[in-house]
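Within every chain, numbering begins at 1; the chains are lettered A, B, ... in the order of the sequence lines, protein sequences first and strands thereafter.
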Amino acid sequence: MNSNLALVRALRGPVMMMTLGGMLVADHFTRFGFGRTWPVLLIVLGIMKLLERTGVSSEPANPYTPMGGK
Amino acid sequence: MSRGSIIGPIILILVGGLFLANNVRPDLPALQIVADWWPFLLIAWGFIRFGEILVWHSQGKPLPTAGISGGEWFLAIVITLAGSALFVGRNFADRFPHDRITFRGLELFGEQFDFPLNATFKTGKTPRVQIENLRGNARVVGAETEEIKVTGRNSIRAFDRNAADRNNKLCNLEIVQQGDLILIRTNQDKATGEQRIESELEIIVPKGATVQGRGRFGDFDVSGITGNVDVDSDNAGVRVSDIAGGVRVDLRRSDHVRAVNVKGNVEIRGRGSDVELENIEGTVALNGSYGGEITFRRIAKPIRFESQNTNLRLEKLAGSIQMSHGELVAEDFTGPFTLRSNSKDVELRNFSGGADIQLDRGDLNVRPGRLPLAVMTLNTRAGNVELVLPEKSQFSLSAEVDKGEIDLNLPGQWRVEEEGKGQKVRGAVGTGPSITILSDRGELRIRHGAVETSTRTDVTFSDREGAPPAPKAPTPPEAPKKNLPVVEQ
């Protein structure tokens with residue numbers, strides 16, 4: 001596996017954790033409640049997945065999995 | 001936890017430190033702090049793990065497949081649920097007297113025994129008196145005397161009379177002098193066993209006394225003294241009246257604070273519900289978080305109010321301000337009136353000295369009602385603005401809404417320009433101060449002179465002290481002259 005891909009994959013959890021924490025802080029201290037901000041989690045997850053795909057596509061193509069599968 | 005991670009030890013240290021703080025200093029609001037700030041733990045957790053992974057990556061070490069394991073997510077969810085429960089529980093508890101909710105056996109099966117309290121102590125005319133009463137109410141009255149007289153009762157809730165007697169002897173009321181300080185203390189901390197002791201105190205002090213109150217649960221009621229009043233309590237209602245000195249109140253939780261007829265400055269800090277200040281000749285500084293209604297009436301010097309979401313300043317208040325979580329109504333005051341708030345509907349009537357208002361969300365209804373006008377900046381990111389200017393006022397106007405309309409009803413030639421989904425207008429009537437109105441989204445209504453459509457026109461030009469001389473309109477016989485109740489919109 002590409003080392004950048006491993007890095008992005010490993011960072012996904014911490015980034016999601018920070019996002020969740022940030023949204024809960026917003027819920028406590030601002031008028032943006034968790035009920036309004038939860039889609040941000042989906043967006044961040046999507047971005048991290050997109051970055052992973054970008055990492056995969058930058059790898060040399062594997063002749064046995066031409067679609068970039070694992 | 002993942003191998004080599006420092007998260008596990010840090011969480012252990014934090015949990016240990018929290019319990020240690022709770023055991024060593026039970027007076028510290030450790031749980032309250034956790035209830036408020038726990039989400040930052042998740043951010044710190046993510047941040048530390050983020051840093052760890054970057055370090056491992058730079059050192060060429062193998063990285064974990066998942067940056068945060070399933071077990072860690074489970075722990076995070078447990079923390080989130082527990083933290084949310086604490087947060088909600090604390091807000092819930094704020095609405096109820098804290099000490100009355102208990103499920104201990106003593107509350108259910110114990111019996112209350114009352115013991116009379118009585119003590120006197122010779123003092124001068126201006127003693128400094130400190131009342132230490134952990135639990136129970138204290139009422140302090142100033143009188144023409146040179147001694148302190150305390151009466152009242154100890155209420156001890158215990159399973160039997162003997163236990164109550166024993167503790168009543170331990171918790172004897174005493175008045176002692178320490179330097180220039182005279183201590184009135186109920187010694188409830190000396191009680192042993194499963195007891196609930198409350199001391200109700202009626203205290204007569206010399207009129208010139210300075211009074212300090214220290215407690216955990218119970219109200220303080222102080223009246224008729226010429227010295228200062230200083231109350232520091234975990235959970236107290238505070239009422240002070242007819243005080244010639246200043247008043248300082250520091251509370252962790254309070255259902256109400258009321259100060260009436262105070263000649264000195266009033267400073268209130270903490271967390272609570274209702275606050276009512278009336279006839280204050282000094283400055284007023286209110287800091288903290290208050291979930292109920294805040295009322296100011298007739299404050300002769302500047303008012304400062306700061307909370308997490310609202311920052312208010314003004315110079316002098318001849319009328320009143322009523323403020324709740326989502327609404328602020330102020331009438332008959334001298335500015336500059338400065339307000340920063342994230343969400344509030346604001347109504348200002350009959351004022352001079354200008355206004356500078358910035359809201360994240362909320363409607364603004366502004367009727368200066370007095371001439372000459374002063375600089376006004378009215379800014380709401382989402383909300384309507386209605387500005388009603390007195391007849392014959394001179395000003396330059398700049399109004400702009402990014403998404404919405406401007407409804408302008410002023411004499412003279414005005415041209416409202418379309419701009420994208422919004423509108424803007426600029427112009428002037430004579431030479432006067434600038435009025436700037438900005439709204440990202442909403443409707444702006446600006447009218448000249450006509451306050452006749454308001455149901456509150458009868459209070460707009462009140463005859464209260466402090467108002468500039470105004471032509472006195474014939475008063476309808478049924479119209480009340482002052483202190484009209486606020487009419488909700």
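- In this structure, the side chain of Asp363(B) does not engage the main chain of Asp345(B) through any donor-acceptor pair within 3.5 Å.
- Of all the listed residues (Asp360(B), Leu41(B), Thr80(B), Ile48(B)), the one sharing the greatest number of non-hydrogen pairs under 4.5 Å with chain A is Asp360(B).
- Trp37(B) and His28(A) have their aromatic ring centers separated by at least 6.0 angstrom.
- A donor and an acceptor atom, one from each side chain of Ser324(B) and Glu327(B), are nowhere located under 3.5 Å apart.
- Contact annotation for Met16(A): both backbone and side-chain heavy atoms come within less than 4.5 Å of a heavy atom of chain B.
- When each of Phe296(B), Phe305(B), Phe337(B) is paired with Leu314(B), the side chain to side chain contact (heavy atoms under 4.5 Å, CB included) condition holds for Phe337(B) and for no other.
- For the set Val15(A), Val25(A), Leu20(A), the count of heavy-atom pairs under 4.5 angstrom toward chain B peaks at Val25(A).
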